[in-house]
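Below you'll find the structure, written out as structure tokens, and then a few comments.
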Amino acid sequence: MPASLELRDIHKEYGGRQIIKGVSLTVAPSEFLVLVGPSGCGKSTLLRMIAGLEEISSGDLLFDGERVNDWDPARRRIGMVFQSYALYPHMTVAENVGFSLKLAKMPRAERQQRVDDALRTLQLEELHDNKPSQLSGGQRQRVAIGRAIVRNPNAFLFDEPLSNLDASLRIQMRMEISRLHQRLRNTVVYVTHDQVEAMTLADRIVVLEGGVIRQIGAPLDLYERPANRFVAGFIGTPTMAFLQVARCEETSGRLAVKLVGQDEHTPLLELDTVASATRGEGPVTLGIRPEHCRLTAPDGAMLAGTVAMVERLGADTFAFLDLPGAEDTVAVRLGEDASRIAVGDRVGLQFDAEKAHLFDAGGIAVRSPAR
Amino acid sequence: MPASLELRDIHKEYGGRQIIKGVSLTVAPSEFLVLVGPSGCGKSTLLRMIAGLEEISSGDLLFDGERVNDWDPARRRIGMVFQSYALYPHMTVAENVGFSLKLAKMPRAERQQRVDDALRTLQLEELHDNKPSQLSGGQRQRVAIGRAIVRNPNAFLFDEPLSNLDASLRIQMRMEISRLHQRLRNTVVYVTHDQVEAMTLADRIVVLEGGVIRQIGAPLDLYERPANRFVAGFIGTPTMAFLQVARCEETSGRLAVKLVGQDEHTPLLELDTVASATRGEGPVTLGIRPEHCRLTAPDGAMLAGTVAMVERLGADTFAFLDLPGAEDTVAVRLGEDASRIAVGDRVGLQFDAEKAHLFDAGGIAVRSPAR
Amino acid sequence: MSVLSTGRHQSVSLRFALYALMLLLALVFVFPFLFMLTASFRTNEQIFAHSGSIGAFVPTGELTTANYAYVLGNGNILHFFLNSVIITTLTVGLGLIVNSLAAFSLARLQWRGREAVASLLVVLLVIPFEAISVPLMLLVAHLPGLGFEAGRLVLTRSWLNTLYVQILPFVANAFSIYLFYQFFRSIPKDFDEAAYIDGATPLQVYRHVIVPSSKPVFATVSILQGLAMWNQYLWPVITVPGESARPLMVGMQQFFGHTTEWGNVMAYATIITVPVLAAFVIFQRWFVRSVIGSGVKG
Amino acid sequence: SDQRRVDGRIDLSLWRHQAGDVEESAGRYAIARFEASQSKWHITPQSLPQGGYTQSIVAASLAGQLPCLMTVDQPMVASFVQAGHLRPLDGLIPAAVVAQLNPAAQGRYQGHLYSVGQFDAGLAIFTRRSALDRIGARIPTLDHPWSLAEFDDILGKLKATGAYKYPLDLATRDPKADWWTYAFTPMLQSFGGDLVDRATMRNADGALNGPAAQRFGTWFQSLFVRGLVDRREPDDRAFVTGRAAMAYTGNWWAPDYRKAAGDDLLILPPPDFGRGTVIGGGSWQWAISSTCAHPNGAAAFLRFLLRPDEIARMADDAGMIPVSEAGAALSTDFRRGGKSRAFFDLMQRFARQRPATPAFSAISNSFFFALQNIADGKDPHDALDDATDAVDQAIADAGSTPAPQPGKVRE
Amino acid sequence: MTQSRKRAYGRRIALLSSGPALFGLTLFLIIPFLLAFALTFTDQRLVATDSGRFVGWRNYERLLSISYVVQDPQPGVQGKPAFARVRDVTRADPVHRGFRPFSDFSWGQKRVTILAKDPVFLESLLNTFGFALMVVPLQCAMALALALLVNAGLRGQTFLRAVYFSPVVMSMVVVSIVWTFLFDRDLGSINKLLSLLSLGTIGPVNWLGGRATAMPAIALMSAWQGAGFQMLIFLAGLQGISQELYDAARIDGATAWQRFWNVTIPGLRQTIAFVLVVTAIAALGLFTQVDVMTQGGPQNGTSTVMFHAIQRGVREENIAYGSTVAVVYFAIITLLILAQQALQRRWSK
Ligand SMILES: Nc1ncnc2c1ncn2[C@@H]1O[C@H](COP(=O)(O)OP(=O)(O)OP(=O)(O)O)[C@@H](O)[C@H]1O
Ligand SMILES: Nc1ncnc2c1ncn2[C@@H]1O[C@H](COP(=O)(O)OP(=O)(O)OP(=O)(O)O)[C@@H](O)[C@H]1O
Ligand SMILES: [Mg+2]
Ligand SMILES: [Mg+2]
């Protein structure tokens with residue numbers, strides 16, 4: 001039975017160091033929630049607290065409205081894939097996967113059936129009788145997944161379950177997890193570093209940074225309307241470019257900006273945002289994604305710079321520009337013109353103001369493009 | 001000093017099971033070679049044999065022309081990042097990273113300097129005195145990288161060094177590795193599941209499957225001219241679509257094909273390939289990448305099918321079609337029309353024959369698109 | 001924490017039961033020690049007056065420190081103590097190095113014959129010391145050694161009456177090697193491999209990787225081998241007739257005559273036992289859950 | 001050079017077994033007096049634990065490190081002689097001096113004197129006058145000890161009083177063969193049996209398992225069956241605490257018993273089981289090693305120890321029984337009327353040495369196990385037969401090594 | 001470096017590191033044992049310093065000779081069959097010289113008596129293995145329980161570790177003396193406690209004096225005394241089990257008991273094997289307790305092989321025979337170990 005999860009102002013510290021600093025969050029029954037965030041931000045810790053493996057320093061954890069802080073992991077009936085796999089070294093692949101069923105006293109025949117099914121799904125049938133020490137990294141990870149999915153828990157907790165798989169297997173596994181979720185409708189909390197996974201699997205994505213939630217929302221929402229510079233920069237590859245705004249001006253209650261590096265006679269960039277939004281002090285930043293940029297001739301372009309690097313990925317080619325007002329190189333997705341661009345070229349950058357994001361001095365988004 | 005590596009017909013078996021089945025390969029000094037392949041294909045095993053951690057069952061391994069099969073790992077002077085990290089649990093982060101320098105009897109001051117530099121590069125300064133058990137997965141992985149890069153070995157062996165990092169850190173680390181390679185010009189053998197890493201870092205990519213090399217080549221070569229169906233399907237996400245060819249015809253020494261599912265009156269697809277190339281028996285397959293497809297109205301399209309799934313990743317949106325002659329769903333990258341497509345729509349598929357790949361019955365590419 | 005983990009999930013009643021069990025067991029285990037301790041503060045009459053009742057284990061009634069005064073004041077107990085300390089620490093110290101190195105070589109290096117040696121080791125465990133003590137005595141009685149005579153170092157005809165006759169034969173110990181061997185084999189291979197990649201020689205792997213990851217066994221072997229040396233009796237009785245190299249345990253014999261002053265014996269026994277328990281308490285700190293495995297994924 | 005000198009004197013090493021503080025310090029004083037009495041010899045004493053004493057001697061002998069002087073348990077003399085560790089004392093100690101010693105204090109083997117005792121220990125029956133009075137038992141005398149029937153009767157009556165669970169304490173807690181042989185061989189002998197045939201010293205058959213021995217065995221077993229003796233005394237306080245009415249033990253317990261019973265204490269001769277009362281004689285004695293470079297010096301020390309005043313001093317200091325009339329006369333405790341005189345008289349009249357044979361350890365051990373098994377219910381005849389077989393074999397084995405010529409000095 | 005030079009290097013390191021230990025073991029264990037072996041063919045006495053004479057297999061023959069007599073019943077009292085005393089038969093018959101009865105059984109009307117030249121050795125052998133079978137499981141289980149208990153992270157576990165370990169530290173002689181007193185039939189606390197707990201229904205048990213109870217009593221005491229030792233080894237083993245496996249098992253729904261069986265026990269597999277071997281070896285060398293508490297009695301009921309060897313070799317000064325007992329015993333145990341290893345290899349295949 002899918003469970004609803006609720007986290008109320010959860011804190012966690014390790015020997016005085018605050019790791020989770022007040023996380024509140026509700027996960028609806030059958031929801032697929034993806035947790036992303038930089039390395040060390042506390043994702044695994046959060047997952048382990050939900051599982052009951054780590055003590056909650058303060059705050060309440062509720063399953064279906066009931067406080068479970070003190071429940072035993074077993075009682076919470078969850079399936080979990082550990083980031084470190086944590087396979088039982090003395091058991092074969094099949095035994096590892098079937099262990100929880102055995103504990104649940106499922107009859108042997110039925111158990112074998114379920115284990116075989118899971119192994120087939122995970123393309124592990126051949127390794128049925130291998131010990132974990134005889135498996136490759138990806139094979140171990142799949143066994144760990146098998147162990148979690150073989151029974152039907154209230155909720156699944158996945159800690160980077162696909163990180164060691166190759167692209168095609170990863171797509172398959174991703175679909176498999178998705179299909180599983182479609183079928184079982186369990187509640188899922190899923191940690192990943194893979195944005196494609198996050199975007200495709202999630203009902204909602206939670207972005208965590210330093211133990212604090214920075215944004216919760218549907219995948220495309222996060223991509224298209226990041227609430228702050230952190231989320232904007234974290235979601236999307238290559239990263240959104242941030243351009244410093246030199247000057248903001250009001251024109252009929254609306255905002256127009258001039259970017260650092262634009263010379264005097266370039267026209268102001270008009271944004272359909274009320275000017276009051278940027279009343280705060282400090283520099284304002286404009287953000288723009290690679291796919292919304294175009295390269296032009298340097299003359300008459302919004303900004304002019306040089307190509308620092310070109311990445312040819314096959315399907316796409318990205319140019320990375322050194323620009324005066326940018327904090328980092330600015331990524332531009334190239335189209336047909338890809339083959340003509342080379343490192344060192346002097347080029348112009350052009351983008352659609354409609355697609356630009358604007359962040360105030362505190363990094364809070366004051367404008368996001370309309371859908 | 002960068003070393004050249006040569007593998008001559010290397011075999012490896014574990015208890016009678018052949019894992020590596022004759023790999024021959026030359027890595028030039030300072031070359032950045034990336035090893036990809038499905039989980040369990042033998043990548044780690046190959047790396048471990050190069051490092052001297054695994055005995056070579058048969059074949060020769062040469063460093064700069066000298067046979068090193070029997071050399072100690074220490075003598076080979078390589079840096080390695082283990083897939084399993086293999087950090088020393090009793091040492092702090094700094095001690096782990098500095099251990100090889102200590103063994104090399106580097107003076108303490110210089111050693112600390114180098115360790116601090118490495119930790120800064122890897123954003124680990126704060127965790128200087130932590131033990132591995134107190135680190136998150138990604139932090140451990142970075143320590144493992146630090147350990148490999150802190151000294152200046154003949155060759156680097158990386159086994160999925162970035163798999164536990166989030167996207168933005170991964171990009172940073174990738175650039176760091178790239179910069180490192182630029183500076184040091186060490187020979188690198190790098191295992192990854194991440195295609196962006198493979199495409200951007202590699203001088204050449206080696207595709208391994210079941211212990212056999214399926215193709216070696218520059219990244220774009222592999223993407224644009226895969227030597228066989230395996231490589232074609234393995235490289236590129238979403239995967240290249242494979243459409244079954246119903247009939248081949250010669251028109252003035254050139255090949256024209258009809259796809260399964262095309263009705264009688266659709267014109268044959270003309271490919272600029274000599275017909276003799278497909279004389280073999282069995283079904284011939286046509287391959288086409290998502291970015292070369294377009295959706296049209298079903299009528300008059302090359303093939304017609306239904307939309308099975310839409311993946312909106314933010315920057316891109318892919319539609320996956322159920323088509324009669326396709327083995328799997330066919331991925332199509334959508335452009336401006338993305339928002340109009342929904343699951344269940346009946347659509348037509350259109351693509352440029354110029355961009356199509358053709359594989360014979362044995363899966364060997366008989367035609368790749370021109371550059 | 002293992003199975004009996006006392007995370008917060010342990011119910012209060014379970015924890016209470018555990019404590020109760022531990023205390024009960026503690027009583028069962030501590031009573032001879034209490035008996036010894038209590039008796040050491042009593043006269044012979046008092047000891048027997050309380051024997052067979054709970055009073056034998058609880059220091060009640062007339063207590064006296066006379067036994068300690070007597071034991072410390074008569075004979076050379078401090079000298080014997082020093083001898084025992086030297087013998088024990090040297091044997092343990094050398095033994096830790098020699099035996100762990102041998103185990104390392106057996107468990108972690110590849111060389112021909114190592115499996116044969118490992119099986120031989122088990123067989124050697126079986127030989128009881130009693131079975132070889134006499135032939136060993138024949139041996140050391142004829143081994144040339146070094147000794148001091150009139151302040152000069154001289155070559156002696158035998159090892160009798162020395163400290164080293166109590167040390168050298170016991171440094172290499174099949175049991176210790178076997179214990180190290182078992183433990184070393186369970187350390188993940190990855191650690192060695194990483195160290196070899198880092199340029200370590202086998203001895204450096206031993207020094208920097210194996211030893212630090214094996215604190216619990218080192219503690220175990222220290223305690224066990226130290227204990228065996230500290231309590232050694234038969235061997236020094238045979239080979240060390242003089243008092244100059246006599247260890248503590250042998251010194252206790254002087255209190256057994258036609259009649260025995262049990263108070264003195266118990267005071268002496270307490271003096272022997274307490275340092276060992278103290279050493280145990282110090283060493284056992286190495287038994288905190290170590291971190292093996294947390295450096296590896298999987 | 002072998003001659004170690006201390007203060008200009010020639011140094012003689014001396015090994016003694018550890019026998020408790022009292023005896024040991026008495027020994028130290030004796031050495032001090034010896035050194036004060038002359039200026040040629042110095043003695044360096046060393047006390048060794050009894051547990052491995054024999055093996056220490058063997059090891060030292062192998063390493064050529066035997067001391068000049070050493071104490072030897074009298075029954076072990078033959079064994080040591082045969083192994084070549086001891087030098088005969090013939091000629092080193094004047095015959096006149098030897099002659100005045102109680103025979104049990106002379107360690108002889110194959111006709112030569114190898115050791116001399118400065119003192120002896122002796123067993124007696126200790127009881128309380130009040131206990132005997134209560135059952136109306138006769139108090140035995142040296143001339144007229146209890147007979148077997150009398151003794152049995154007394155034990156039975158004591159038991160019947162109900163005051164004693166086990167009326168007689170035989171020190172059965174002692175796990176050492178030494179005690180059992182030392183304590184119960186005299187009884188066996190008093191019954192008419194013996195450990196070996198004393199005439200030939202070559203076998204035990206007939207002596208250890210003959211009819212007399214069987215009678216002894218049966219009686220010994222009956223002590224336990226009838227509940228007269230505890231099979232395993234939990235401690236050595238049975239008499240002191242009054243748990244037992246009677247104790248059969250050595251003179252060394254006399255002080256404690258006196259303290260417990262005061263004037264009520266009786267020190268009585270052991271019963272006469274048919275062939276006269278017997279008490280084991282021959283305690284630890286002095287010998288000179290075969291490798292001693294200065295037998296004269298060693299002998300000088302022995303002669304000093306055997307002076308009547310020294311014997312008396314030892315007796316008074318350590319509570320041990322003097323071995324000569326002259327010595328006893330000089331002693332406070334053992335002169336006529338002295339509080340411990342009874343022991344001296346007992347030893348003078350009843351002391352008998354254990355057999356001087358190199359197989360003594362084996363004999364003693366076999367007898368020990370036979371007694372234990374009898375006490376635990378084994379058929380006495382079978383048990384004694386087993387012991388006899390073992391002893392005969394041990395003698396045969398031990399005898400197969402020829403004894404070295406007396407006086408032969410090992411290099 | 002060529003293959004052979006690499007091997008030479010590896011050998012050098014191996015030699016360097018294992019050399020001192022192997023040298024020590026050879027000089028101080030193997031050579032003395034070989035010496036002991038050589039002694040078994042002589043009539044060497046302990047006290048004598050001259051080497052004994054060569055006597056061939058005599059010691060072995062005395063140790064291992066077995067024979068039997070068959071007796072027909074003689075008319076006895078009340079129709080019960082009676083038999084002549086076996087000792088009378090054997091002592092009369094030169095064929096049976098040196099043989100003593102070991103055990104007997106009825107064969108129809110007849111009585112068959114097994115004879116041995118050293119029946120005590122055979123009894124001791126049986127006793128020793130019996131003791132091992134009792135004490136090994138008991139002691140190991142106790143040790144494991146203690147180890148788990150003091151590793152559970154409860155407060156005061158440092159102190160408790162020391163407490164549980166304290167019997168190991170104490171001299172076995174002192175401990176044996178204390179326990180002898182505890183086991184005493186009339187004054188011992190154990191009987192008093194039993195009587196108290198059973199409200200007097202359990203009469204005093206003659207623990208050390210009864211053939212049925214003596215060995216179990218010694219086993220109990222030995223297990224109690226030694227458990228702290230194995231506890232230590234188990235503690236070391238427990239440190240090697242990864243915490244994550246416990247986490248995974250808890251997620252899988254394992255109860256504490258199931259975690260014990262499925263994580264702890266497998267994780268301790270090597271340790272358990274080791275502890276079993278070590279405990280068995282210690283048990284097979286049982287001596288001190290017997291020497292102090294029962295002297296092999298009652299009627300050889302607690303005589304062990306080591307006890308026998310020391311009685312013959314040291315107490316009776318027949319070192320050649322004592323060595324023979326030790327050597328034969330060593331051979332038996334070694335055979336058992338080899339058989340066990342062979343079995344294990346077959347199982348694991
Ligand atoms: N010790 C071993 N014994 C037996 N088989 C093994 C052993 N180690 C690895 N294998 C097998 O060898 C094959 C190759 O393993 P390897 O670790 O090289 O794979 P990989 O290419 O690195 O995979 P991944 O990407 O999942 O890490 C796998 O099928 C694995 O099961
Ligand atoms: N046992 C511990 N003691 C002290 N600090 C710890 C401990 N475990 C984790 N931490 C710290 O807590 C922080 C969060 O760790 P966590 O494993 O939750 O990160 P994460 O978000 O899962 O990272 P990653 O993506 O790298 O796996 C890290 O900075 C880590 O160093
Ligand atoms: Mg994590
Ligand atoms: Mg791998």
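Computed from heavy atoms alone, side chains included, the values below leave out hydrogens, waters and symmetry copies. All chains are named by letter (A, B, ...) in the order of the sequence lines, taking the proteins before the strands, and each is independently numbered beginning at 1. Everything numeric here is computed off the predicted structure, so don't read it as measured data.
Contact annotation for E:Ile233: both backbone and side-chain heavy atoms come within less than 4.5 Å of a heavy atom of chain C. Contacts of E:Leu25 with chain C are made by both backbone and side-chain atoms, with heavy-atom separations under 4.5 Å. In this structure, chain C has heavy atoms under 4.5 Å from both the backbone and the side chain of E:Leu27. Interface remark: E:Leu22 contributes side-chain atoms only to the contact with chain C (heavy atom separation under 4.5 Å). Residue contact with chain C, scored on non-hydrogen atoms closer than 4.5 Å, involves the side chain of E:Ile177 exclusively. If you measure heavy-atom distances from E:Leu284 to chain C, you find no contacts under 4.5 Å at all. With a 4.5 Å cut-off on non-hydrogen atoms, E:Ile310 touches chain C through its side chain but not through its backbone. Looking at E:Val169, both its backbone and its side chain come within 4.5 Å of chain C, counting heavy atoms on both sides. For E:Ile30, the part lying under 4.5 angstrom from a heavy atom of chain C is the side chain only.
Aromatic rings from C:Phe35 and E:Trp179 are positioned such that their centres are separated by 6.0 Å or more.
Between C:Phe29 and E:Tyr164, the ring-plane angle classifies as perpendicular under the 30° and 60° cut-offs. C:Phe175 and E:Phe229 have tilted rings, their planes meeting at an angle from 30° to 60° on a 0 to 90° scale.
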